[in-house]
Amino acid sequence: MLLEINNVDKGYGHGRFHKKVCVLENVSLTLDKGKTVGIMGDSGKGKTTLGLLMAGVIRPDKGRILLNGQDIWAGSRKERDKKKAQIQMVFQHPEAAFNPRWTMEQSVREPCHIYKISLSPQDIADKMARVGLGTKLLKRYPSQLSGGELQRIALARLLTISPSVIVLDEPTSMLDVITQAKIIRLLMEIQENTGISFIFITHDRELARVMCHETHDIGDLSLPSSRVEIRIAAEEQTLDL
Amino acid sequence: MANIFFKKVREIILCFMAAGLLMAGCSEPSARQIKGPGQTLRVGTPMKLKQLNPLADYTYNILAMLLTHDTLIRLDENLRPIPQLARSWSANKDATVWTFDLVPNALWHDGKKVTSKDVKFTFDYLGKHDPAHAWIPSLIKEIKATPGRVIFTLNHPYSRFLINAGFIVRILPQHIWGHIMTPRAGETKEMTVGCGPYLFAQYDRTAGRMTFQRNPAYHGGAMGVETIEFYLNRNLDIITLSLKKGTIDLYYKYASGFPFPYLRGLTGAKNLQFITAPSMGISAVLGFNMAKKNMSDIKFRRALSLAINYRGINESLFMGKGTLPGSGFVPGTFPQQSKQPFLKQDTVRCRKILDDMNITDKNGDGIREDVDGRPLNLMLLARCDLEGHDVVTRRLVNDFKSVGIGITLKTADLSTWIAIVRKKEADLILFRTTPWGMMMGAGHGSGYFDSRREGGGVIANVRDTTFHHLCDEILSTTNPDTLKDLYGKMSDYYARTLPAIALGWHPVIYPCQNSYPVPPVNQIEGGILNRASLKKWGDAAIFQAGASVK
Amino acid sequence: MAFLTPASVLETGPMNKHSRNWKEGALILMAAALPGVSILFFKNMDIANALFSPWLPPGDGHLLGTNDVGQDIFFQLISAGGRSLMVGMAAALTATLVGTLTGCVAGYYRGIADRVIMGLADIFLLIPDIPLVIVLVSFFEPGLFNVIIVIAMTSWPGTARVVRSRMLKIKEYPFVLNARSLGAGDGHIIFKHILPHTGELILAKATLAVASAMLTETGISFLGLGDPCQVTWGSMLHGVFAGAGLINGYWWWYLPPVLCISVTVMGFNLAGFYLQKGWGGNFPADSPLNRQGQIPGKTHPEVPALTGINPPVLINNKDTQTLAPEPDTLNPISKPHNQAPDTQPPSFPLDRQIFRILNLGVEFGIECETNQKKTIKALDGVNLSLVKGDRMAIIGESGSGKSILFLAMLGLLPYNARMSGEVFFRGKRMASFSRKHYQHIRAWDIAYVPQGAGNALNPVIKVGHQISERMRIHGSISKKKGMVMAARLLGQTGITNSHQRVHYYPHQFSGGMNQRVLLAMALAGENSVLLADEPTKGLDDKTKEDVLNIFLKLNREAVAVVTHDLWFARQFAKTIVVMYKGIILEQAPADSFFTAPYHPYSKALLNALPSQGILNPVIMSSHNRYAETDPGDKHGGDSYRIDGGDDDDDDRSNKKNKEISRGCPWARECEEFHDRCRHMPRLFSHNIHKVRCWCHAAGN
Amino acid sequence: MKHMTAAFCQYVLALLAVLALNFLLIHMMPGDPLVHILGEEGYYQMTRQPPAYIEKIRETYQLNDSLLKQFLTHISRALQGDLGWSHHHGRAVIKIIYPRMGWTLLLLIPSVIISTMAGGILGALAGGSPRGWMDRILTPFFLLIYSIPGYCLGLFLLILAFHVDALPMGGMPSVKTDMALYMMMPMGVLVLHSTAYKYMIMKNAVIQEIHEAYVMTARSKGLYDRDILFTHVVKNALPPFITVVAMHFGFMMGGSLVVEMVFSWQGMGTLIYDAVISRDYPLISGSFMIICASVILANALADVIHGVLDPRIRSGNRSNE
């Protein structure tokens, strides 16, 4: 089993004196290699939080996240980073996923720069071709590209460090139908070629049915006792990292 | 750790921010009508009053001396003692026993009779309770009070007892102050009761307006002026404007005339007369700390005195109305002194003297190095709250730099100034002398230099025993002739040893409405507002009736 | 009040350095710093301290006369200016440095550091600064150095608070989360990602801090607490009042310092405001932090307000829309180039047509990054008519201008929009309507349901009041009755115990419920025409069904819905209009459209639906025959940026680009591409369909 | 109410910290305070006496015990309203401060109210139509006023009064009736300066609010522009505006110090300045505390109003700004 989450809890504290609002309670999930697991549910139920947990961006209050059997939060910072490099995330808002002041080339080179892996222009061109884009886009700013293009470059960026799991947090909800179709087909294609497994978070049931091998509803996964009807703002508003 | 005590700044801020009440309201410039009795004298002053307690508040203490309280004797405009509560007085040969015969018909404002017991009580009470009068127990051995007479026996001969005790101590009613254990705490209405020619009427704290009524039952005969209104805490801009518009009659500030820069604002006014008199005090004095290395050498002090541009100071500070200062330090108003040459600026001679002393500019940075090679950098301590002193300091720094003497300026407020002087850190000390200060100690400013009189506003830099003997001699004789030649010796001593140099002698100018006859000037009582002028103005029915004063 | 720092309150999004405002700010800054800068030439000259005869009025040899000591006032003014500026700058620099550092630490590391630093900052902000300054200055020795420290001590909290709030915002942006998930260290994140965005803000803060530092310094030395030897403008004023300058009317002594202080401080304030865009001007749409090329107008429904993860400030672009009068007077712009006029007469009689739109074109002029003026055509030659009893659904992807169409029909176009063509409402030309008439129509005739995203509801007014507002203002019914009506309407839209929920505030409602409130608001006026913009956007399936039922139950004269949700369109609409890049590609009755669409774009649209199983052919890259002729295809083809003017200066052949843009908009992606497609096809009618594609030209 | 208690203890903490800082600072001041108690001559006389005598005097004026002890006694007494005894004025500090505070508030409260109203309304109108005629005239004018330092503004008015006889050149009226005449100029300066500041704040707040979606909704309901501006937009811009007004109250209190000096108005400003000059420790500490207390009170009040006006805050769901 590639990625395993067993009874993880996560809650957010609001402001100085408020008690914690629990969002997820004893969530368990398993993901096999080369498979796509879908997580569905309405907004405000904790899907994004689960995505961040799996990607190792935020730390679970209770429970463990195992990658190939090892807890990604155990060990020194260096080891943890190495493990976390295996799991990457694509975000819902394409234009917010890139630093607006950087050109696309700088953004694409960032992962390798951080992990000190050498990246030749040829690698970049090949990755861009993999997602169906020419290299001319690299000289432009994120604000000069469309949503679809940005999302594809985000994928290309992750492919440069060849992760084993990619968490897709509603990647196409901001895009229109045709672009969404293209991205979905692209993802399926990448999965076939490289065997990367996906966690697909969406609120669109049909899309999940088309894309994923198995799907779970966030409602059944997470059964928090103090079920607080949280509005969408509450869940995403304060990420106490 | 010096910090800034801006008495002068307060002065300026006073003139800018004091609770300026525009007398008789600008909006209603009342024309002067001459009416009969009930005249009002309106006095504008920048002095600030904090509490109605003659022992605790500096300003009210002055007003008490001037109006509501009597002293044993008074000094007239030529500094000769004249009777007040004491009808007559006499001293034994070696000035150790002084007897005063009291005036029989003196009454307190609340009607009780003034007795010799009150006089005895006052001296004992103040000696015990008031730190400011701590000299009484050490000076007076014993006071005997018989009906109509008081006899003081002193511990040692003290020829100026008449001035110090006779004039300084305001006689207090025993039946009121007897039960006040802490004289400096709090203020009550009955504290204002005295036996002087004027009664305290009322004080409006917010508007800063205080009124005194004439005391009909005054033993020396009722004064001429009916009521006196003081407008306290007024800034000089407002006072100048009010004088010009005739809404105040005269300006009063203890121990200083009208500030020269503001005089320029009054030049055009036709309704004003300017009474001038040579000032008893010196408003800017540069004292030398004789203990410090170079300062102890008279040649160096001479060189310094030659470097200063006295004419420039006269123009800047006194608008050219002052005169060149004499090396005898004591201004002309004191008759008993010997003629001494004037101080002049002579940079050539000054540089020659410094070169002879081998204090030359070795490294060419414009500042001379003293004998053992260190740059000559003198510390000038100045009071930051005295009128015009920041002008003088800037001029001095410039003058000394031009002859190659570096100056580090340190300005300090009164308390820090006193702390530094006592620690003897500063080389040059800038201060002022008040008329009363010149009378202190053995007189002629000796109080400022005698090293045995530490503390207070004095620099006490002369350790020379000949000077100490000279002072003791003056204190032990009352014979005017011997006093005259002793003071002559003192002026010679000043000119010869230059303990301090007066930066300029200047007149004191008091503006007042020209509808008044010219009043006598008594600088000890603060200028043109004194008992003599109040008496004189009473006869001339020239006041306008009590104008409704806002 | 003279010593306050407005900076902490006026902070808005950062600004791009290219824009015109920055240059004006710099200009003012230079003009203000002139008196001080001149010190550099006269710095060490000792003429400023040479003594002449005192109290001279301006005249021979002395431009501004001499002061009480005899120094020349003019040179004093210059050397004092240098010192005042030096003090101001030094104090502002220290304050900004300390503020930025503490702000970063507090903002990034949160926890105790945040509490402690912010606690300290609050205390310093709470203390009124002049009494503190006087106490501190009289505590230290006189000297410019102490004055600098004291001013810095009282002004660092302002910067700290602002930097901290900016850090908090940016820290939670996806590109930071992304960097963190990649394992980037804190240093990398702070200096590479976060600080560049706060650069302008810190610069603006520093400039404003200089202004207030100078004010404080002059205040201190005016009170006489500064260093008597080192003259600054404040101590010059102090000298004036010691020497009775005011009463004697020495204007040449007190006027110059006062004027210098005021001009310099104003210069810095102006520059600070410009830098901070606190100034009232509009925000250039093209700053790199804003979505470039998108149709300006945050309220523009096409561009989704960024809800969800990140607070909207940074990405959202504040458009220029204002309450200024609507563009009633339309200035005709050039006829859309080579647009073949549709000769097709409208198929319905005039009286049954509620809305008739003839050749409508809407253009927006925005400044792009490279500062050229660029116009974007949101709508390009639209011909449409909304007929009585019709239920029309306008389909198209975001950015195709469908929402702009509604705004044009309502006359709510943003300030910088330029409209061409005609819109007729019930046969009357809308351009001739007065503002009052417009407002009457919107109140009683046309109901508009705005898009639910962002805060379409006023957060501080009760929901019930907002629903009944339309009636209260015009129909003048009482507030209480309004609430009852609102409760009824809310109930109709399916919200339970609406009597109680009417008193709630928008933030207590979920996304779906907000949408229903907007619907109730539109239903309030029993208006005859209903225009709904994306009624089902961002809703989950169950709520979508409820909304659909509501729409089905409506009995309005005409209903038009803009949506990208094909499922909703299929259930609700009678006629379907497909729009792409501001041009209508196909108009057809619903059932025949969904069974057999004519236009290739419509086909691709239907195939892309997940419910259809995403049948689009696998496209490795978006090259097709058409694109091959242009190997360096810069566009992935689906860029929904409208091809307005030439926005890629590095493109090889602008002419090529122009030619493509004149052709059929879908040409690049179209499967049945043909040479003819290089020219824009007309709207041909093919039995009951109207389609703009050459393949169907045969019929005419 | 949770939100209220959090803010409340924050303010109490701030007050205590302010007091501690102020007490520490003032007591570190060099220079011997006795000089001001005994006066120049008195001090000179005293220094000639034996050290024991001096020690007794210092004892009577509590200048000897340790700083900390003095501070604790000061705090405990302050809470009971007894701010110590000022030897200069011979009266309890609280009695000195009370009337002076009255004069300052008499000057401050009306100018705060007037400037908030004027600044708010003008700002809203100018914000409502950016680059309209209102914006073009008012913004440069207010920026000019805002840039001129307070005391310079005061000086210009004083010079004006110097030439125009009707206006009194500062100072306090003794007759209550023409209080307005004397108050006119100092208040004029305060009002002008703070209106300029508040105008700019409100204008920018309104400009930002105009771009919100609910304005579009309101316009689509056919409301008149004025109604939209004042019911919708201003209601949203008000809460942050109120916070700014409170924070500004602190600055105005500080600013009034200078205005009182320029117009010699017997308020807290002149009191603090005199106290610092004459080293009257109890008075400095007391008046400093009163000023800080009033500023903190104003901020607390604004927090309450902010909560009332903005329902989002009231329901405890305060956004993490």
Side-chain angles (χ1 to χ4, degrees), chain B residues 1-6 8-13 15-17 235-241 244 258-267 309 311-317 319-320 366 382 384-385 387-399 401-402 407-413 416, chain C residues 44 46-57 66-72 76 79-80 130 133-143 146-147 150 219-231 234-250 253-254:
Chain B
M1 256 294 270
N3 70 337
I4 303 154
F5 170 57
F6 283 109
K8 185 189 70 77
V9 167
R10 201 172 64 172
E11 203 67 48
I12 293 149
I13 294 298
C15 79
F16 203 72
M17 69 102 186
N235 72 50
L236 280 155
D237 288 302
I238 290 180
I239 291 177
T240 319
L241 186 67
K244 239 181 184 171
F258 197 75
F260 290 97
Y262 287 88
L263 271 181
R264 197 183 276 260
L266 292 177
T267 43
N309 175 356
R311 205 179 39 70
I313 291 180
N314 178 10
E315 267 170 37
S316 288
L317 208 53
M319 306 288 176
C384 51
D385 55 342
E387 172 62 35
H389 269 224
D390 69 344
V391 170
V392 173
T393 36
R394 278 184 276 157
R395 287 206 75 103
L396 286 181
V397 166
N398 196 286
D399 293 349
K401 262 208 180 63
S402 60
I407 296 283
T408 48
L409 179 64
K410 180 173 277 304
T411 52
D413 63 316
T416 326
Chain C
N44 37 32
D46 52 12
I47 187 164
N49 306 324
L51 292 189
F52 306 93
S53 55
W55 308 109
L56 290 179
T66 59
N67 62 8
D68 51 2
V69 178
Q71 293 156 328
D72 183 297
Q76 277 266 322
S79 73
I130 303 171
V133 165
I134 287 183
V135 166
L136 290 182
V137 168
S138 42
F139 172 61
F140 293 131
E141 276 164 35
N146 297 341
V147 171
V150 164
I220 293 177
S221 31
F222 167 70
L223 296 181
L225 301 178
D227 181 351
C229 278
Q230 291 167 322
V231 179
S235 52
M236 273 176 84
L237 278 179
H238 170 66
V240 167
F241 293 101
L246 179 68
I247 200 116
N248 295 338
Y250 298 154
W253 200 6
Y254 58 77

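What you see below is based on every heavy atom in this structure, not just the backbone, and it leaves out hydrogens, waters and symmetry mates. Here is how names work: the chains are called A, B, and so on, in the same order as the sequence lines, proteins then strands, and each is numbered from 1. What you see is a predicted model, and the numbers here were worked out from it, not measured in a lab.
Taking all atoms of both residues into account, the shortest heavy-atom contact from C/Trp55 to B/Glu315 is NE1-O, 3.6 Å. Scanning all heavy atoms of the two residues, the minimum distance from C/Val69 to B/Arg395 falls at O-NH1, 2.9 Å. The two residues C/Asn248 and B/Pro261 have their closest heavy-atom pair at ND2-O, 3.1 Å.
In B/Arg311, the CZ atom is not crowded: 12 or fewer heavy atoms of neighbouring residues, nucleotides or ligands sit closer than 6.0 Å.
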| said: I'd like to know whether B/Arg394 forms a side chain to side chain contact (heavy atoms under 4.5 Å, CB included) with C/Val231, so could you lay out the CA-CA distance, the side-chain angles of the two residues, the decisive distance to 0.1 Å, and finally the verdict. | reply: CA-CA 11 Å; B/Arg394 278 184 276 157; C/Val231 179; 5.7 Å; no

